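Here is the structure we will look at, set down as structure tokens.
Residue numbering restarts at 1 for every chain, and letters A, B, ... go by the order of the sequence lines. These numbers were taken from a predicted model, which means no experiment stands behind them.
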Protein chains: 2
Amino acid sequence: MENTRCENCIVRQFNSLRAMSKEELKRVSDSKTTKTVKKGEPLFEEGDKLNGVYCVRNGVSKLSKLSPNGKDQIVKLATRGEVMGQRAVIAEETSNLSAVAVSDMEVCFIPKDSIATTLQKNPNFTMEVLRHMAHDLKEADDVIVNMSQKTVKQRIAEAFLYLKNNFGENNEGFLALTLSREDIANVVGTATESAIRIISEFKKKGLIHTSGKQIGIKDERKLKDLAQGF
Amino acid sequence: MENTRCENCIVRQFNSLRAMSKEELKRVSDSKTTKTVKKGEPLFEEGDKLNGVYCVRNGVSKLSKLSPNGKDQIVKLATRGEVMGQRAVIAEETSNLSAVAVSDMEVCFIPKDSIATTLQKNPNFTMEVLRHMAHDLKEADDVIVNMSQKTVKQRIAEAFLYLKNNFGENNEGFLALTLSREDIANVVGTATESAIRIISEFKKKGLIHTSGKQIGIKDERKLKDLAQGF
DNA sequence: CTCAAAACCTGATAATTATCATAGTATTGC
DNA sequence: GCAATACTATGATAATTATCAGGTTTTGAG
């Protein structure tokens with residue numbers, strides 16, 4: 001694998017690393033390692049002590065947490081440009097989430113030392129990280145409200161719209177990110193069978209079209225209305 | 001109202017203001033204003049532009065978000081030492097949450113300027129804020145999992161345990177923080193009637209005792225088991 | 001290619017939760 | 001003190017969601 005320098009990495013534009021100085025970036029670049037992770041493989045597990053953060057260059061990872069009843073709740077999908085493990089490294093705690101690739105990925109592992117020293121010395125960088133975390137926190141609040149106040153049907157409609165907005169569609173009109181039915185159920189927090197049933201219903205009503213695992217949005221207007229509760 | 005100086009305020013130990021220098025603290029103290037807020041009164045509303053943060057000296061506030069179906073979801077209860085509005089001020093966004101007092105409160109309003117300048121100049125303070133936000137984010141993840149994977153019964157059991165652990169009991173063995181049934185329902189994300197029904201059931205089973213609005217924990221062991229799903 | 005495992009799908013049923021209706025019980029303002 | 005108002009409580013019922021059980025289809029390893 002060619003070892004692209006962080007200085008030239010486009011992905012950096014999307015995350016807090018853009019607030020680093022040339023020298024800081026150089027140090028990060030020298031200490032980082034690039035890995036490929038196949039779909040289905042874990043990056044880290046809940047409870048792991050993380051020695052650094054993972055910057056996503058390509059692909060998507062699900063961040064999930066095991067609930068006492070044995071089900072996995074997907075809390076977030078991390079894509080190109082996102083930095084995973086930041087929270088745990090900053091709080092100096094073990095990870096509260098597991099990360100598993102849902103598509104083939106290319107990630108850069110950045111040891112925590114180079115992050116920690118920059119955090120102490122470059123207030124711009126620290127502020128940038130802070131802003132990102134503030135954004136994540138707001139999103140988490142939104143998820144809490146959705147989970148507790150919307151029906152499964154509404155949440156699934158919303159999930160499809162989210163997938164379209166964040167990962168786009170391929171040239172056949174299907175969502176570019178294909179999740180298994182089980183993963184969809186774990187995003188919205190329901191039983192796999194319930195998710196499948198609602199997907200079938202959406203298909204029957206002409207809101208979506210499917211082909212195997214693939215799902216495409218057919219009537220975005222109606223899906224949006226449904227997500228809002230009409 | 002006597003205007004206690006931040007320098008001497010014990011509450012400061014619990015939040016990020018403890019990372020401020022003497023001079024910074026002095027500036028904050030000079031610019032802050034102290035307010036009392038009666039139970040039921042709002043501190044700010046969802047969508048408000050906040051010109052500063054609120055540091056809780058006494059009392060408790062609910063932080064909630066209106067869902068499209070018209071129900072209010074309580075996302076967090078902020079108590080002594082907590083700083084409200086931090087997220088919005090840092091992200092330079094309007095507040096995504098409303099804050100309403102659930103008991104009589106005493107809060108200090110700190111204009112954002114004195115916060116912002118300290119954020120830029122004192123990396124220790126920024127890091128401290130970052131650590132607090134990292135903690136909040138983890139808690140939010142936990143709430144998401146609870147909301148989506150646990151039953152209403154489990155969530156109510158958990159809420160009572162949470163109230164005991166975080167706000168304690170009075171000398172008659174009741175939870176020190178008394179919430180209305182509606183607020184309990186809004187914490188847990190269910191209909192008020194459902195919450196009341198389950199509270200009655202818990203009482204009948206000897207898990208709790210009640211007197212008017214007041215609730216006391218009687219069998220903590222069983223409540224814990226229930227919250228875990230046994 | 002083949003076949004076993006995994007994923008998907010549907011039906012029947014049970015459990016959970018929301019909604020509506022109604023009545024009792026506190027609280028509060030005048 | 002009393003009426004208006006808000007809060008608490010419970011029943012009846014409907015809607016939502018989970019679970020179990022069975023198929024079918026897809027996938028991937030050998």
Looking at side-chain heavy atoms only, is the closest gap between A:I198 and A:V152 below 4.5 Å? yes

Check the orientation of B:F174 and B:H209. Use parallel for under 30°, tilted for 30 to 60°, and perpendicular for over 60°. tilted

Expected output: side-chain A:R12 to main-chain A:C6 donor-acceptor under 3.5 Å: yes

Would you call A:D142 and A:K138 a salt bridge, taking side-chain N to carboxylate O under 4.0 Å as the test? no

Along nucleotides 21-29 of chain C, 5' to 3', which nucleotides get a B, which get an S, and which get a -, given that the test is a protein heavy-atom distance under 4.0 Å? ---------

Per the salt bridge (charged side-chain N to carboxylate O under 4.0 Å, His left out) rule, which among A:K203, A:K205, A:K204 passes with A:E201? A:K205

Terminal contacting nucleotides, 5' and 3', DNA chain D versus chain A (heavy atom, 4.0 Å): D:dT17 to D:dC20

Between A:G189 and B:K204, name the one whose nearest nucleotide on DNA chain D is closer to the 5' end. B:K204

Holding to ring-ring contact (aromatic ring centres under 6.0 Å, His included), I want the full list of residues that pass it with A:F202, two or more places apart in sequence or in another chain. none

Identify, between A:T210 and B:R155, the residue whose nearest nucleotide on DNA chain C lies closer to the 5' end. A:T210

My understanding is that only residues two or more places apart in sequence, or in another chain, count here; which of them pass side chain to side chain donor-acceptor pair (under 3.5 Å) with A:N186? none

Using a heavy-atom cut-off of 4.0 Å across all strands, would you classify A:S180 as base, sugar-phosphate, or nothing? sugar-phosphate

Terminal axes of the helix from C:dC1-D:dG30 to C:dC30-D:dG1 (five pairs each): angle between them, nearest 10 degrees: 60°

B:I196 CD1 to C:dC20 C1', in whole Å, measures 14 Å

So what does A:T192 hit on the nucleic acid, given a heavy-atom distance under 4.0 Å: a base, only sugar-phosphate, or nothing? nothing

For B:K203, report the nucleic acid contact type (base, sugar-phosphate, nothing); a contact means any heavy atom under 4.0 Å. nothing

Under the side chain to side chain donor-acceptor pair (under 3.5 Å) rule, collect the residues that match up with A:K224, sequence neighbours excluded. none

Any donor-acceptor pair under 3.5 Å linking the side chain of B:K150 with the backbone of B:A227? yes

Across the strands shown, which category fits B:T151 at heavy-atom distances under 4.0 angstrom: base, sugar-phosphate, nothing? sugar-phosphate

Assess whether a salt bridge exists between B:K62 and B:D183, defined as any Lys/Arg side-chain N lying under 4.0 Å from an Asp/Glu carboxylate O. yes

Does OP1 or OP2 of C:dC9 have a side-chain N or O of A:R181 closer than 4.0 Å? yes

Using a cut-off of 4.0 Å on non-hydrogen atoms, how would the nucleic acid contact of A:S200 be classed: base, sugar-phosphate, or nothing? sugar-phosphate

Output the rounded distance in Å from NZ (A:K39) to P (C:dA6). 16 Å

Does atom CD of A:E41 have more than 12 heavy-atom neighbours, drawn from other residues, nucleotides or ligands, at distances under 6.0 Å? yes

